[in-house]
Structure formats: structure tokens, C-alpha cells
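Encoded as C-alpha cells, the structure appears first; notes follow it.
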Amino acid sequence: MSKDGNNQPTETWIAQELDDLRRAGLERRLRTWDTADLINFAGNDYLNLAQAPELRRAASEALAQWGAGATASRLLSGTLPLHTALENKLAQTKGYPAAVIFGSGYMANLGVITTLTGRHDLLVTDRLAHASIMDAAVLSRARLQRFRHNDPEHLEQILRRRPAGGRCLIVTESVFSMDGDCAPLPEIARLAGQYDAMLMVDEAHATGVFGPVGAGLVRAHGLEHMVNISMGTMSKALGSYGGFCACSPAVQALLVNRARPLIFSTAPPPSAMGAAMAALTHLEQHHACGGELLRRATAFRERLQAAGLNTGPSVSQIVPLIVGDNQAALNLSAALLRQGILAPAIRPPTVPPGSARLRFSITLAHSPELLAQTAEMIIKLAGEVGLS
Ligand SMILES: Cc1ncc(COP(=O)(O)O)c(C=O)c1O
């Protein structure tokens, strides 16, 4: 039976759907990479911590002490002393009184948004908000309205027309995952206060990079008292795995009672929690690492821009090279791969149609010299495919 009810055999409609994707240049395949042999711009290990001896050691120690798995959900026996200690440390880092750990950042977004909004409520998100936020919107059954990317005026228009009754939650990322630009958080927070809306900020790409001790942009702007939820992930700059949100004790208590991804899924494993704890300690001891990463990314971006390449609105360690056409992005990515440079093409639906791009995630594994050489190679190959 087909998805849309035609009585086609399963294999036939699947083959057709895959064929459609292939012809549109949108087919995706899992590839196995031995990234040791490549210059990897596809990872989010921004501070180069995933392989750091201190994280490996902390993960091994947690594994030895608590075992390979947490064995139960948080509400049963899955909350180990390590989870509680890490929640306290995350809260302290983020400048909030409490924090809640989830299995992943994706699950944190699902859990928080579906807990704070329901069918009688309004959810207002940036148009480019991450897929996990969009999926949470569907699950929450709230009415969804999206404001133009980073446009507080449009957000205000929506808030002004907000229907009476029901709660309202605004959600934005602080650093956008595909453009590397930053949200105007102070304006958004002011509007949330003015229109009596809750505010949640997804700091997946800002955590570890921006702000004091890598706390992110909410804390860098001093907005902890205006942002109800500062969500983050341990799977990017913190080099480990798992998601979390920093919040008030009341929100924490409600999440423990209502957030289905926390209640109905096993707690994340001790080794990942140990590694994340070590990453937070690293941030306390190396205040300058986020700033150093941003300086390297700026130099890289400026080289591409000077050659006439389009890096969009990026101001962070995420540097897109906007190509436009899907096939052209695939071709440039393949040409770079032949030179040992891994920079995957990002195509719709991950980005809007007509804005296919290569996404370069700069990390501290990339030395300034390596970044300069890579930029030269990109400029040369982009010229060969007619981009500059
Ligand atoms: C903005 C944003 N939010 C949430 C997530 C989900 O985080 P995780 O990979 O920990 O599930 C990601 C990344 O995948 C992301 O880019």
C-alpha cells in the first residue's frame, strides 16, 4: 500500500519516491568516513574535545564506576549521582538555578516545547528554526506561526495579533545551524516580556563557543532573567552526547512530570555524562578557547569573501558557502573531497530551495595555516565551477 493510499506494492512506491529524490538532486546516502584521513569540516566538535584525553579519561572512569548504560528512565532508577551533578554544573555554567538533561538535543526540544504548549496555545518560531523545533511544534498541537528570519518587527506583528487566551511560547536559535548568524536576542527578549510570552532559546551551536565559560549568547547578553529556557546539547562543542535545558526550578519540576522524552526513554549513559562534565571543567579552565575559535573562523570567512564568494550572514564558527543549485553544491563538495577536504553539500529541505550550500564547521582542530590553505583550495575549485 502506498503512503497516499494507492494500492501500489510497498517496494514500488518506495522505489518511485527514491527515484524522485535522485532526479531532484536530493537523494541522501549514509557514507562511512574514516575522518582520520580527511580534513573534516562536517563535524560540530568545535573545541576539538571529543578526542581530548581528559574527556576520554572522564568517560572511562564513569563507565568503570557506573557501567555501560543507565538502565532505566530518569524517573525510575536512571538518575545516577552523575546526572544530578551534571545538571547542577550545567545550571551553574548557564547562570540558571536548575537544569534538566535529556537523551539528546532533539529530545530536549521535543520535551520542553510539548510540555510548555498544547492545543490551545500559540507557538511562534523563527522561520529557520531547526527541524527538532518544527517536529516539536507538530507534537505539541499548538498553533504554529513563524516569523521572518531574525526579524523582530515581524515577530511583533504576530504577537500583537495574538488571540486572547492560551499561552504563547517564542522559540529561536541563538546561533543558526545552517547560516551561522546570530538572533537579535535582546529585542526578542524585550518583545517576549512586553507581550507576556514565554521565551526559549536553542543554544546548540552557541554553547561552548560564545559567552563567559562558553555559556552561550543568553548569558553573554545577560538575559537569563528574560529567557525562560536556555536549551543546549552536549553533542557539539562539549564533545559528548546528550541534550539539556537550563531553567527555573518550577519549569524543571514540570518537565520531570510532563516531558515525555524524559519520562519514556532511558537516561543517557554514564560515559557520555562523565565526558560532558569534563568538557564543562575544561571550559572553566580555558576561558579563551571560544574566542580563539571565532577569530580563526573570521579569518577563514574573510578570505572567502575577499575572493567574491557568498558566505551569507555568518558571524560564527559555522561558515556556509552559498552555491544555490543542488547539483553545483554536490559537484563542489565532490571536488573538495578529491583534495581530502570533507565539506558536505547541504540541500533542501534542510535549507530553503535554491540555497544549497557547503557548510564549513570550523573547529580548534583546524590551525590558522590549515584554514588559510583550505580557503585557497576552495577559492580555486569554486572558480573552476564558475562560482567566483
Ligand atoms: C539548532 C539545533 N538544535 C538541536 C539540535 C539537536 O541536537 P542533538 O544533536 O544533540 O540531538 C541540533 C543538532 O543536531 C541543532 O543544530
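Counting starts at 1 for both ligands and their atoms, in listed order.
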If you measure every N/O of Gly242 against every N/O of ligand 1, is any gap under 3.5 Å? no

Neighbour count >12 (heavy atoms, 6.0 Å) for atom CZ, Arg162: yes

Between Glu384 and Lys380 (salt bridge meaning N to carboxylate O under 4.0 Å), is one present in this structure? yes

Could you check atom 11 (O) of ligand 1 against the protein and tell me its nearest heavy-atom contact, residue, atom and distance included? Tyr106 N, 2.9 Å

Would Ser132 count as a contact residue for ligand 1, given that I'm defining contact as a non-hydrogen atom of the residue lying under 4.0 Å from a ligand atom? yes

Nearest protein heavy atom to atom 16 (O) of ligand 1, by residue and atom, and its distance? His205 NE2, 2.6 Å

Would you mind telling me if ligand 1 is within reach of the side chain of Ile133, the backbone, both or neither, using heavy atoms under 4.0 Å? neither

Closest approach of any protein heavy atom to atom 3 (N) of ligand 1, naming residue and atom: Asp202 OD2, 2.6 Å

List ligand 1 atoms under 4.0 Å from Asn109, heavy atoms only on the residue side. 3 (N), 4 (C)

Any non-hydrogen atom of Lys236 lying under 4.0 Å from ligand 1? yes

With nothing but distance in play, are any N or O atoms of Glu173 less than 3.5 Å from an N or O of ligand 1? no

Run the side-chain donor-acceptor check on residues 331-343: report pairs under 3.5 Å with partners two or more places apart or on a different chain.
unit_1: Asn331; atom_1: OD1; unit_2: Gln327; atom_2: NE2; d: 3.2
unit_1: Asn331; atom_1: ND2; unit_2: Gln327; atom_2: O; d: 3.4
unit_1: Ser333; atom_1: OG; unit_2: Ala343; atom_2: O; d: 2.9

Protein residue, atom and distance nearest to atom 7 (O) of ligand 1, heavy-atom basis: Gly105 CA, 3.4 Å

Is the CZ atom of Arg31 crowded by more than 12 outside heavy atoms at less than 6.0 Å? no

For atom 9 (O) of ligand 1, what's the nearest protein heavy-atom neighbour? Residue, atom name and distance, please. Ser235 OG, 3.4 Å

Please write down residue, atom name and distance for the protein heavy atom closest to atom 10 (O) of ligand 1. Thr233 OG1, 2.6 Å

Partner of Ile229 under side chain to side chain contact (heavy atoms under 4.5 Å, CB included), picked from Leu116, Leu199, Thr115, Val201, is Leu116

Element-labelled atoms of ligand 1 that are located less than 4.0 Å from some non-hydrogen atom of Ala204: 1 (C), 2 (C), 3 (N), 15 (C)

Angle between ring planes, Phe300 versus Phe41, binned at 30° and 60°: parallel, tilted or perpendicular? parallel

Mind checking whether Phe176 and His149 have ring centres under 6.0 Å apart? yes

Extract all donor-acceptor atom pairs below 3.5 Å that involve side chains of residues 287-299 and protein atoms in other chains or at least two apart in sequence.
unit_1: His287; atom_1: NE2; unit_2: Glu284; atom_2: O; d: 3.0
unit_1: Glu292; atom_1: OE1; unit_2: Arg295; atom_2: NH2; d: 3.4
unit_1: Glu292; atom_1: OE2; unit_2: Arg296; atom_2: NE; d: 2.8
unit_1: Glu292; atom_1: OE2; unit_2: Arg296; atom_2: NH2; d: 3.3
unit_1: Arg296; atom_1: NH1; unit_2: Leu364; atom_2: O; d: 3.3
unit_1: Arg296; atom_1: NH1; unit_2: His366; atom_2: O; d: 2.8
unit_1: Thr298; atom_1: OG1; unit_2: Leu294; atom_2: O; d: 2.8
unit_1: Thr298; atom_1: OG1; unit_2: Arg301; atom_2: NH2; d: 3.2

Look at atom 5 (C) of ligand 1 and say which protein heavy atom is nearest, naming residue and atom and giving the distance to 0.1 Å. His130 CE1, 3.5 Å

Arg160 atom CZ, neighbour heavy-atom count above 12 within 6.0 Å: yes

